[in-house]
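Here the structure comes first, spelled out in C-alpha cells, and everything after it is commentary.
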Amino acid sequence: DFCLSRGLGDVYKRQLLKRATIIAPGDKNHLQTKDILVSKGKIEKIANNISAPKVKVIESDNLHVSIGWMDIGTHIGEPGLEHRETIDSAARAAAAGGYTDIAIMPIVYPVTHSKSEVSYIVNNQPNNGVRIHSIGAVSKDAKGEDLTEMIDMSKAGAIAFGDGLKSIKDSGMMMRALQYAKAVNKPIINYSIDKSLVHDGQMHEGDVSVSLGMQGIPSLAEHVAIQRDISLAEYTESELVLHCVSTEEGCDLIKKAIKDDINISATVSYVNLIHIDQDLKSFNSNLKVKPPVRSNRDRKALINSVRKGSIQTIVSNHVPLEEEQKKLEFSYAGFGATGLETCFAAVNTHLSEDIPLEQIISALTLGPRIQLKTDLPIIKSGEVACLTVFDPSISWTYESKTKKSISANNKYLSTSLTGKVLATIIGSKVNM
C-alpha cells in the first residue's frame with residue numbers, strides 16, 4: 001500500500017475493482033455495475049464477477065469508476081514560486097482529487113511564453129503518472145502588450161493559449177491571438193473581464209459589498225468582456241473557451257452564442273457553483289477568488305447552465321498562495337484558493353440535488369477533453385487504463401496534515417465533505 005500511495009505501483013501489478021458502477025456516457029456499460037480487472041496498466045477484463053490471484057482489490061459500498069478527470073487552468077508555482085506549489089505537489093494533489101490530467105496556466109516565473117518554457121513543463125512530468133499539459137501565454141510576460149510565438153509553442157507541446165486569470169485587454173491582440181490559434185487548431189482560453197470597470201474591486205458589487213464598505217466588482221465587467229470575445233470568435237471563426245464564467249448575464253450570452261453556432265464553450269469554477277457574496281460577511285479570505293463569488297441569482301444561473309450543457313466544464317480554479325498572502329485583512333489578501341483536492345467532493349456535497357452525478361462527472365471528464373481536443377480514454381478491454389475510482393457516499397474531512405497541496409488557502413480545510421476519491425489508475429501508475 002505504501003508503494004501504491006506514492007504512485008509507484010510496483011507491488012501490485014494488477015488491480016481488481018469490485019462491483020463498480022461505470023459512468024461512461026455512450027458506452028454499453030454506462031451505469032452498469034461490473035468488476036474491472038486492470039493488469040500491467042491495461043484493462044484486461046470487464047465482467048459481472050471476476051476472481052483473480054495476486055491482485056490489489058479496490059472495493060467500497062458504493063464504488064464508482066469513470067475515465068480519469070481533467071482540469072483546465074490549474075495554477076502551480078514551478079518555476080519561480082515553488083513555495084506555493086511544485087509540479088510534483090500539484091500532481092499529488094491532482095491524484096488525491098481524482099484528476100489524471102491537468103492543464104496548467106502560464107503564470108509562473110518566468111511566464112510560459114516561449115517554446116523553452118513549454119518544453120520545461122512538458123518534459124518534467126511527475127512520477128505518479130498524472131499528465132501535465134502546458135497552456136502557453138498569449139502575450140509576453142502575460143502583460144497584454146506583445147503577442148508570443150504561439151506557433152512555436154504549439155510545436156513544443158502547448159495544448160492551448162491564454163494569459164491565466166489576466167484578461168486579454170486589447171481587442172486587436174485578442175483577434176490576432178484567435179487567428180494564430182486557429183492556424184494551429186488550438187483554443188484560446190480567456191478569463192473575460194473588463195479591467196477598466198473593476199478598479200480596486202474586492203468582491204461582487206451588490207448589497208453585501210455596500211454593507212461591508214468594500215469596492216465592488218460589477219457583473220457588467222464580465223458581461224461586456226464576454227460579449228466582445230464572442231464577437232471576435234465569430235468574426236475570426238476561431239475556437240474560444242470562456243474561462244470561469246460567473247454571472248447570469250454571461251450565461252445568457254453563452255447560451256445565445258451556442259444557439260447561433262459560434263465556436264465557443266465555457267468553464268465554471270466549482271466555488272462559484274456553491275458560494276455567494278453573502279458568504280463573505282465573515283470576511284473569509286479563502287473565498288476571495290477570481291472571479292468573485294456573486295449573487296444567488298448568478299449561482300442558480302451557473303448551475304442551470306451546467307445542467308443544460310451550455311457550460312461544459314467544472315474547474316478547480318486551483319490558485320495556491322502562501323499564508324502571508326491570505327492571513328491579512330480581507331481588502332489586502334490575495335485572490336485565489338486551492339481546489340484540486342476538494343472540487344469534486346464539494347460539488348457532490350452541496351449540489352447533488354441540483355446536478356446529477358452523471359453530469360458532474362461529464363463536466364470533469366468529457367467537457368475539458370473536448371475543449372482541449374485531447375484523446376478520450378475508453379473503459380474497454382485492451383485499452384490503457386485511465387481511471388478515477390471513487391465513492392460518492394463516503395464522508396471524510398479535508399485536513400492540513402493529510403492534504404497534498406503545499407498551500408493551505410482552501411475554504412474547506414477541517415470541513416466534512418461527502419464523496420471520496422479512492423484511486424486513480426493511469427497506465428501502470430496507481431495512486432491510492
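Note: hydrogens, waters and symmetry copies are ignored here, and every other heavy atom, side chains too, is used.
Around atom CD of Glu323, no more than 12 heavy atoms belonging to other residues, nucleotides or ligands sit under 6.0 Å away. Residue Lys18 places its NZ atom among more than 12 non-hydrogen atoms of other residues, nucleotides or ligands, all under 6.0 Å distant. The environment of NZ in Lys115 is sparse: at most 12 heavy-atom neighbours from other residues, nucleotides or ligands sit within 6.0 Å. Within 6.0 Å of the CG atom in Asn123, the count of heavy atoms belonging to other residues, nucleotides or ligands exceeds 12. Annotation: Glu237, atom CD; neighbour count of heavy atoms from other residues, nucleotides and ligands within 6.0 Å does not exceed 12. Lys40 NZ: 12 or fewer foreign heavy atoms inside a 6.0 Å radius. Within 6.0 Å of OH in Tyr180 there are 12 or fewer heavy atoms belonging to other residues, nucleotides or ligands.
With hydrogens and angles left out, the side-chain atoms of Glu222 and Ser246 include a donor and acceptor closer than 3.5 Å. Ser89 and Thr86 are linked by a side-chain donor-acceptor pair at a separation below 3.5 angstrom, with hydrogens and angles left out of the test. Asn284 and Lys411 share no donor-acceptor pair across their side chains, judged by distance under 3.5 Å alone. With 3.5 Å as the limit, one finds no donor-acceptor pair spanning the side chains of Asn409 and Thr338. Checking Ser310 against Lys255 by side-chain atom types alone, no donor-acceptor pair falls below 3.5 Å. Checking Thr313 against Gln371 by side-chain atom types alone, a donor-acceptor pair falls below 3.5 Å. The closest side-chain donor-acceptor pair between Ser393 and Asp61, if any, does not fall under 3.5 angstrom.
Between Met70 and Thr365, the closest side-chain pair of non-hydrogen atoms is not below 4.5 Å. With contacts defined as side-chain heavy-atom distances shorter than 4.5 Å, the pair Thr388/Val65 does not qualify. Annotation: side chain of His318 is in contact with side chain of Ser405 (closest heavy-atom distance under 4.5 Å). You'll find the side chain of Ile379 reaches within 4.5 Å of the side chain of Ile36, heavy atoms only. The closest side-chain heavy-atom distance from Ser139 to Met173 is below 4.5 Å. Within the 4.5 Å cutoff, no side-chain heavy atoms of Lys56 are placed close to those of Val430. Counting heavy atoms from C-beta on, the side chains of Arg307 and Gln359 come closer than 4.5 Å. Counting heavy atoms from C-beta outward, Val118 and Ser134 have side chains that approach closer than 4.5 Å.
Of all non-hydrogen atoms in Pro79 and Val108, the two that sit nearest each other are O-CB, 3.5 Å. The heavy-atom pair separating Thr33 from Thr21 by the smallest distance is OG1-OG1, 3.3 Å. For the residue pair Ser238 and Lys182, the shortest heavy atom distance occurs at OG-CB, 3.6 Å. When all heavy atoms of Ala91 and Val130 are compared, the closest pair comes out as O-CG2, 3.6 Å. Nearest heavy atoms, Leu357 versus Asn348: CD1-OD1, 4.1 Å. The nearest pair of heavy atoms linking Thr112 to Glu117 is CA-CB, 3.6 Å.
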(message) Is there a side chain to side chain contact (heavy atoms under 4.5 Å, CB included) between Val198 and Asp194? Walk through the geometry before answering.
(response) CA-CA 7 Å; Val198 173; Asp194 188 328; over 6 Å; no
(request) Under the side chain to side chain donor-acceptor pair (under 3.5 Å) rule, what do Asn286 and Lys326 come out as? Steps first, then yes or no, please. (result) CA-CA 7 Å; Asn286 286 326; Lys326 278 296 188 179; 4.7 Å; no
(message) Under the criterion side chain to side chain donor-acceptor pair (under 3.5 Å), I'd like the reasoning laid out for Lys186 against Ser154: C-alpha separation, chi angles, the key distance, then a yes or no.
(response) CA-CA 8 Å; Lys186 301 286 170 66; Ser154 178; 2.9 Å; yes
(request) For side chain to side chain contact (heavy atoms under 4.5 Å, CB included), just list the numbers for Thr402 and Glu341, CA-CA rounded to whole Å, side-chain angles, deciding distance to a tenth of an Å, and then say yes or no. (result) CA-CA 11 Å; Thr402 54; Glu341 296 173 81; over 6 Å; no
(request) Any chance you could lay out the side chain to side chain contact (heavy atoms under 4.5 Å, CB included) test for Val241 and Ile264, step after step, and finish with the verdict? (result) CA-CA 6 Å; Val241 178; Ile264 63 103; over 6 Å; no
(request) Could you give me the CA-CA distance, side-chain angles and deciding distance for Thr342 and Asn410, then say whether side chain to side chain contact (heavy atoms under 4.5 Å, CB included) is met? (result) CA-CA 9 Å; Thr342 51; Asn410 190 302; 3.1 Å; yes
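Separating the CG atom in Leu17 from the CG atom in Asp35 is a distance of 8.5 Å, to the nearest 0.5 Å. To the nearest 0.5 angstrom, Ile314 atom CD1 is 6.5 Å from Cys343 atom SG. Interatomic distance, Asn272 CG to His204 NE2, rounded to the nearest 0.5 Å: 11.0 Å. Here Tyr270 contributes atom OH and Asn317 contributes atom CG; the two are 9.0 Å apart, rounded to the nearest 0.5 Å. Rounded to the nearest 0.5 angstrom, Thr100 OG1 and Lys429 NZ are separated by 15.0 Å. Taking CD1 from Ile262 and CD from Glu234, the interatomic distance works out to 4.0 Å, rounded to the nearest 0.5 Å.
Contact check on Arg369 versus Asp101 returns a salt bridge, with a Lys/Arg side-chain nitrogen under 4.0 Å from an Asp/Glu carboxylate oxygen. Electrostatic pairing of Arg14 and Glu44 counts as a salt bridge here, judged by a charged N lying under 4.0 Å from a carboxylate O. Between Glu383 and Lys42 there is no salt bridge, since none of the side-chain N atoms of the basic residue sits less than 4.0 Å from a carboxylate O of the acidic one. Taking 4.0 Å as the cut-off between side-chain N and carboxylate O, Glu239 and Lys373 count as a salt-bridged pair.
Taking the six-membered ring for Trp and thresholds of 30 and 60 degrees, Phe344 and Phe390 have ring planes more than 60 degrees apart, a perpendicular arrangement. Ring geometry for Tyr412 versus His350: interplanar angle of 30 to 60°, hence tilted.
Between the side chain of His275 and the backbone N or O of Leu273, no donor-acceptor pair lies under 3.5 Å. Between the side chain of Asn124 and the main chain of Tyr120, a donor-acceptor pair closer than 3.5 Å is present. Using modelled atom types, one side-chain atom of Asn431 and one backbone atom of Asn128 make a donor-acceptor pair closer than 3.5 Å. Listed for the Glu85 side chain is no donor-acceptor partner under 3.5 Å among the backbone atoms of His83. Judged by distance alone, with hydrogens and angles left aside, the side-chain atoms of Gln312 form a donor-acceptor pair with the main-chain N or O of Ala266 at under 3.5 Å. Between the His113 side chain and the Asp141 main chain, a donor and an acceptor come within less than 3.5 Å of each other.
Residues forming a side chain to side chain contact (heavy atoms under 4.5 Å, CB included) with Glu149 (at least two apart in sequence, or on another chain): Asp152.
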